[in-house]
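Below: one structure, written as structure tokens.
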Amino acid sequence: MNPACIDILLIEDNRPEANRIRELLETTEVGSFRVSWAGDLATGLVELTQTKFDAILLDLNLPDSTGLETLFSIKTRVPHLPVIILTSLDDKELALEGLRHGAQDCLVKTILTMDPVHFLSGSVRKAIQRNQTPLQRELNQANFRSLVEKNVDGILVVDPMGRIQFCNPSVRTIFDGRELREGDEFGFPVASGETTELDIVPLDQGVRRVVEMRVSETLWNGRLSYLAALRDITGRKTIEDELRRAKVAAETANLAKSQFLAMMSHEIRTPMNAIIGMADLMSGEDLPEERAQAIRVIKDSGQALLTLIDDILDLAKIEAGAVHTQPELFSPNDLLESVFNIMRGPAERQKGLQLTYRVGATVPDVVQADYRRIRQVLINLVGNAIKFTDQGWIRIAVDHDPSFQESRLLFSVSDTGIGIPADKLGTIFGVFVQADATIYNKYGGTGLGLAISKRLVEIMRGHLWVESTPGQGSVFQFSIPAPALPPEQSPDGLESISKTAPPLHFAAPDIGLSSGLSERYHGLPVLVVDDDPINQLVLLKMLKKLGLSPDLAGNGREALEMIAAKQYALVLMDVQMPEMDGLTAVTTLRKREKATHQTPVKVVAVTAFAMGEDKQRCFEVGMDDYLCKPVRKNELARMLSRWL
């Protein structure tokens with residue numbers, strides 16, 4: 001005989017059901033269970049007097065006894081033997097009552113075959129393990145009491161009916177001195193395996209307490225009960241609430257700072273538009289040399305001031321967390337060409353440097369990354385190279401970065417400038433830092449460009465570094481993720497780049513106001529929508545020099561009326577205006593065009609709001625293009641060439 005075998009008495013009047021249960025037990029774990037069967041209560045009681053069993057599987061509804069009387073008859077004969085009730089789905093209320101009156105577990109017959117190890121044999125083993133003699137229970141409960149009596153956490157034992165079986169002194173402290181006695185209703189729902197928070201109202205109407213309650217099953221006096229561990233977490237919740245309030249306050253402050261920066265950008269760019277725009281217009285006229293020189297000084301000084309203002313605003317936006325990446329599809333070749341065209345004037349005409357750019361043979365035709373931020377970093381790096389290079393060349397390049405498994409691009413800006421000493425390489429990316437104080441005296445500058453570039457690259461999940469030799473030049477490089485777009489998915493307008501031999505590209509002529517465009521645009525009607533008289537004057541003069549016929553509207557509402565009355569080739573729309581702003585005006589215009597099946601008029605935003613999200617909002621409402629103030633004549637000409 002196997003000494004580890006568990007003897008079970010099965011009292012079940014349905015013989016086929018009894019055979020099925022016996023088979024499940026004896027075949028699931030062969031040699032572990034031995035099942036004796038009785039078809040009624042009387043036979044079962046006789047078996048209990050003749051054989052020592054480890055557990056009883058009991059159907060409460062038998063031919064000679066029904067309901068709880070069946071359980072009471074068994075518990076009277078063998079009070080300490082574990083009883084597991086077998087029931088149907090219809091008898092769940094009766095089974096629950098059985099648990100409350102001493103049964104160890106309850107099993108539904110119809111689901112036993114789903115997982116016999118878990119539902120049947122597992123239940124039997126647990127019932128036997130939980131079953132103890134009165135002496136064992138008393139010893140265990142005494143040990144339990146001594147262990148938890150001085151515990152700072154509240155320890156509470158509750159029966160399935162919600163009545164308190166035991167509580168240590170800490171429970172009374174947590175519940176503000178309330179007298180909690182054994183047999184009293186606990187007053188809060190208790191469920192095994194749950195962690196809940198209780199809101200405790202003090203007796204003196206003082207500060208409310210928050211109590212965390214963790215519940216698990218236990219045996220108390222031989223019956224299934226619930227052990228609840230209570231902890232006062234009022235202090236923790238107070239700190240969490242304070243942190244949440246601080247977080248909201250910080251987010252509100254950051255939002256206010258972002259809004260302030262956007263407004264400052266707008267307010268500064270508006271007068272700068274007049275200064276640079278009028279100087280731009282006058283520089284194209286046939287003026288005496290002395291006056292032409294004065295105009296150049298105004299124009300260059302205005303541009304230097306705008307660059308400084310942009311750098312300060314950029315740095316403030318980065319520190320406020322207001323700068324986010326905005327990935328878009330673009331051609332790396334087009335990106336470098338754009339930077340090249342912007343920077344060739346300062347490099348070649350002002351300092352006589354040779355500026356070139358190169359696109360590596362393995363660089364994808366189209367990638368997805370933050371085009372505007374990458375261009376900003378490249379312009380900063382090229383501008384830095386121009387400043388510290390007196391003769392020689394500057395080269396912009398982009399290659400595929402083989403150092404990473406993900407698709408990344410490696411950009412570089414090389415120069416033959418003064419170089420950087422090795423002991424200064426670790427400091428040049430700091431704010432307002434230059435490698436040597438004497439450099440400022442000779443070259444000027446604020447030291448913001450490199451700091452901004454490094455932080456922008458890091459925002460794009462990239463890395464920027466420099467290699468340099470004093471007297472020979474420097475190479476600034478940065479690597480950023482830029483997933484490639486498969487050729488078959490290449491969108492319209494992004495042309496493929498020849499990969500046969502990566503060429504060096506040199507300067508191409510500007511599209512200026514004197515390039516014969518006045519004949520091309522002669523008499524074309526355009527509408528300028530702007531509330532600032534100086535901005536109106538600048539745009540009207542530029543457009544008239546191009547041969548266009550501009551009309552003027554002072555706000556969005558007036559613009560809608562004029563567009564309804566006259567067909568315009570193009571609308572130049574400011575964003576911030578009284579009565580109706582540009583975003584609202586374009587939204588209304590697009591709805592009206594859709595409702596009347598009209599051909600949409602081309603609308604270009606011309607605004608002093610220069611943050612990335614401002615540009616995105618303009619496109620979202622239906623604008624076709626975007627010009628940032630101050631508007632330069634060449635930028636205006638390029639924009640017009642795209643739409644007229």
For Asp625, the salt bridge (charged side-chain N to carboxylate O under 4.0 Å, His left out) test, sequence neighbours excluded, returns Arg642
Heavy atoms only: give me the nearest Leu524-Leu548 pair and the separation to one decimal. CB-CD2, 3.5 Å
So do Val413 and Asn384 actually touch side chain to side chain, heavy atoms under 4.5 Å? no
Separation between CG (Leu583) and CD (Glu620), nearest 0.5 Å, reads 9.5 Å
Taking the side chain as every heavy atom from C-beta outward, state whether His463 and Gln477 have any atom pair closer than 4.5 Å. no
How far does CZ of Phe478 sit from CG of Leu410, to the nearest 0.5 angstrom? 9.0 Å
Checking Asn341 side chain against Glu337 main chain: does a donor-acceptor pair fall under 3.5 Å? yes
I would like to know whether Leu644 and Lys602 meet side chain to side chain contact (heavy atoms under 4.5 Å, CB included); could you show each step before the answer? CA-CA 9 Å; Leu644 299 179; Lys602 300 299 181 185; over 6 Å; no
Output for pair (Leu627 CG, Asp574 CG), nearest 0.5 Å, gives 12.0 Å
Listing request: all ring-ring contact (aromatic ring centres under 6.0 Å, His included) pairs with a residue in residues 358-384, at least two apart in sequence or in separate chains. Phe330-Tyr371
Is there side-chain contact between Leu409 and Pro364, with heavy atoms separated by less than 4.5 Å? yes
Would you sort out whether Val575 and Cys618 count as a side chain to side chain contact (heavy atoms under 4.5 Å, CB included), showing the intermediate values? CA-CA 8 Å; Val575 172; Cys618 291; 4.0 Å; yes
Student check: side-chain heavy atoms of Lys615 and Thr607 closer than 4.5 Å: no
For Asp370, all residues meeting side-chain hydrogen bond (donor to acceptor under 3.5 Å, both in side chains), sequence neighbours excluded: none
Just so I know, are the side chains of Met343 and Ile396 near enough to count as touching, which here means a heavy-atom distance under 4.5 Å? no
Working to the nearest 0.5 Å, report the span between CG of Asp530 and CG of Leu540. 9.5 Å
Ser338 side chain to Asp334 main-chain N or O, any donor-acceptor pair under 3.5 Å? no
side-chain hydrogen bond (donor to acceptor under 3.5 Å, both in side chains) involving Asp624 - partner list, sequence neighbours excluded: Arg590
Verify, without hydrogens or angle tests, whether Arg372 (side chain) and Gln326 (backbone) share a donor-acceptor contact under 3.5 angstrom. no
Ile386/Lys351 under side chain to side chain contact (heavy atoms under 4.5 Å, CB included): CA gap, chis, key distance, verdict: CA-CA 8 Å; Ile386 292 172; Lys351 298 198 70 173; 3.7 Å; yes
May I have the step-by-step check of side chain to side chain contact (heavy atoms under 4.5 Å, CB included) for Arg375 and Ile342, ending in yes or no? CA-CA 10 Å; Arg375 189 177 73 161; Ile342 291 170; 3.9 Å; yes
Nearest 0.5 Å please: distance from the CG atom of Leu450 over to the CG atom of Leu464. 7.5 Å
Report yes if some heavy atom in the side chain of Gln576 is under 4.5 Å from a heavy atom in the side chain of Asp581; otherwise report no. no
Can you find a heavy atom in the side chain of Leu572 that is under 4.5 Å from one in the side chain of Val526? no
Do any N or O atoms from the side chain of Arg408 and from the backbone of Ser479 form a donor-acceptor pair under 3.5 angstrom? yes
Presence of salt bridge, Lys629 and Asp532, under 4.0 angstrom: no
Main-chain N/O of Ser474 paired with Asp415 side-chain donor or acceptor, under 3.5 Å: yes
Sidechain-backbone polar pair: Ser468 side chain, Gly473 backbone, donor-acceptor under 3.5 Å: yes
Can you name the nearest heavy-atom pair linking Phe340 to Leu355, along with the distance? CE1-O, 3.2 Å
Distance-minimising heavy-atom pair for Ser641 and Arg520: O-NH2, 3.6 Å
Residues passing the salt bridge (charged side-chain N to carboxylate O under 4.0 Å, His left out) test with Lys541, sequence neighbours excluded, are none
Has the side chain of Ser331 got a donor or acceptor atom that lies under 3.5 Å from a matching backbone atom of Asn333? yes
Pairs under 3.5 angstrom only: tabulate donor-acceptor contacts from the side chains of residues 552-561 to other protein residues two or more places apart or in another chain.
residue : atom : partner : partner atom : Å
Asn555  : OD1  : Arg557  : N            : 3.0
Asn555  : OD1  : Glu558  : N            : 2.9
Glu558  : OE1  : Gly554  : N            : 3.3

Give me the atom names and distance for the closest heavy-atom approach of Leu543 to Pro550. CD1-CB, 4.0 Å
Rounded to the nearest 0.5 Å, what separates atom CD1 in Ile418 from atom NZ in Lys387? 10.5 Å
Check whether any side-chain heavy atom of Val457 sits under 4.5 Å from a side-chain heavy atom of Phe411, and report yes or no. no
Looking at Glu593 and Val601, what are the two nearest heavy atoms and their distance? OE2-N, 3.1 Å
Heavy-atom pair of closest approach, residues Tyr521 and Leu546: CB-O, 3.5 Å
